[in-house]
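Below is one structure, written out as structure tokens, with a few remarks after it.
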Amino acid sequence: MSGSESAPARVDTSRPHPARVYDWWLGGKDNYPVDEELARKILAVDGTVLRGARANRRFMHRAVRTAAEAGTRQFLDIGTGIPTEPNLHQVAQGVAPESRVVYADNDPIVLRHAEALLHGSAQGSTEYVHADVRDADALLARARESLDFDRPIALSLVALTHYLSDDPDGDDVYGLLEKYVAALAPGSHLILSQVTPDLSPQAIEHAANHFRRSGTPFFPRSLAEFSRFFDGLELLGPGVIPVYGWRPEPADVAAQAEGIVPVYAGVARKP
Amino acid sequence: MSERRPAPTVGQVVLGKRLQELREASGLGREEAARALRVTAATVRRMETAEVALKIPYVQVLLETYGVPEDEAEAFVSLAEEANQPGWWQRYHDVLPDWFSLYVSLEGAARIVRSYEPHFVPGLLQTEEYARAVLQAGTIGQTGPETIERHVSLRMERQRLLERQDPPHLWVIMDETVLLRPVSGGEVMREQLDKLLEFAERDRVTLQIAEFASGPHPGTYAPFTLFRFAEPELPDMVYTEYLSGALYLDSRKEVAAHLEVLDHMSTAAASAERSKKILRERREDC
């Protein structure tokens, strides 16, 4: 287990952090009052966020299981967030105990929680990398220490791209994803989900404003914009679809009946 | 130690709180609840704060008064019966202060135990000799050797927790001072460091050293422990000690303040991997 050494001395916890806001929505306790305040404000304007957060977790489980059952034994998860059971490595190593998992997050607190509480199977490996998704070179360099990029990897960014802008001089989310995908071997998988304004534009506009006012830029994307992330890849069935509809299990079908969640999801294979 | 009933178990504390929530949800005040039982409002308060054991017939009447559905009421009653069973630690009631009894109960019920230890190796990881030395130094006045021995064996018995089939995660931030403060002779310290190194290898134990080099940190007041339970409806609880007693905090605000301090300290302290290296170096030097 390798630790991350150079965590910054002080993290700013006076402002809400998306990972901890998310933790509150998931019913977790690793969040502070500022995070709870924003989580509640957003919940008040978009009543789907609690289900949306759970739907993203459940999608991650199904997508990771799909990749693992297709023979993938390496996983790179960016924007891991606060540990929430079951975690990705538990799903992957549940299918194949020898699976190697790398978690990457830019928040040092998230990382310390992961280091302390996420321990993988003895046969596989579970590593934690302190890196920002925007710095693909650094993140990939750290991931290469434990993953073999000549063999397939399932790369997951679940509920992450809506924090990244299109701006070619800014986050350049499309360029960024191209860079990650270019680093992957054929047969690798790309697992994505993100918030869309297509289904409930007003609620999402209000939610986005709350995020922005708290210092977190927020970029909901339309079906076409989200689908562009998979350009050049082979989408797995059923394609890009509202998150609960992606290869649903009985519990997901039941959850769908409670109403739609404004999140798109998709999984694609690199040819 | 007084002749009062033993200190509450975590189950009693939690059920007392739940009883209060159910009363509040039904819109009844303590006076109205008390009337249903033909007792005073103070008695209802003492039930809710776990100052008295939950009498099952009282609980049944209250749940009915609050309009709690039958299946939930049954589940509550069976939990209350269970919570009224004394824990193994009650055998140590002669030396165990009331305020610490709850700690032992919380420790046994928790899924995650996070603590900050500025002065000593945490009790759950102490060797017998280290514990004896610390307990001897910590007792002033007319404490006989037998009492100290009782304390030592209580502490050793607490450690069986970590040998359980599904032990809690123990996540400790220990100040570097602990490694430098000689407790008894060199042999005691060497054995203690060996034990820390052994436990640091376990999946369910995370040991981080807050090095002097990382400068001042926000946890410099007193040792404290945060308990997290598997049941999502149970709030986290914080335990903090002072010279003659202890405080248990469970309000969102106070728990969050301790959580935030622990999180900051964990990012500033050496990682678990580096902490093992520090421990090994210290072991070689002593």
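Below, each value reflects all heavy atoms present in this structure, side chains not excepted, and no hydrogens, waters or symmetry copies. Just so it is clear: chains get the letters A, B, ... in the order the sequence lines come, proteins before strands, and each one is counted from 1.
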*asked:* Checking B:Phe227 against B:Tyr103 for the ring-ring contact (aromatic ring centres under 6.0 Å, His included) test, could you report, in this order, the C-alpha distance in whole Å, the side-chain angles of both residues, the deciding distance, and whether it holds?
replied: CA-CA 9 Å; B:Phe227 299 98; B:Tyr103 183 96; 5.2 Å; yes
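Neither the backbone nor the side chain of B:Arg204 comes within contact range of chain A; no heavy atom of the residue lies under 4.5 Å from a heavy atom of that chain. When heavy atoms are compared at a cutoff of 4.5 Å, B:Ile112 approaches chain A solely by way of its side chain, counted from C-beta outward.
Here the options are B:Leu197, B:Val178, B:Val121, the test is side-chain contact (heavy atoms from CB on, under 4.5 Å), and the partner is B:Gln192; only B:Val121 passes.
Looking at residues two or more places apart in sequence or on another chain, you find a ring pair (Phe, Tyr, Trp, His ring centres under 6.0 Å) between A:Phe218 and A:His162, A:Tyr163, A:Phe211.
Pairs engaging residues 86-114 of chain A under the ring pair (Phe, Tyr, Trp, His ring centres under 6.0 Å) rule: A:His89-A:Tyr103, A:His113-B:Trp171 [sequence neighbours left out].
The most heavy-atom pairs under 4.5 Å with chain B, out of A:Pro33, A:Gly27, A:Gly28, come from A:Pro33.
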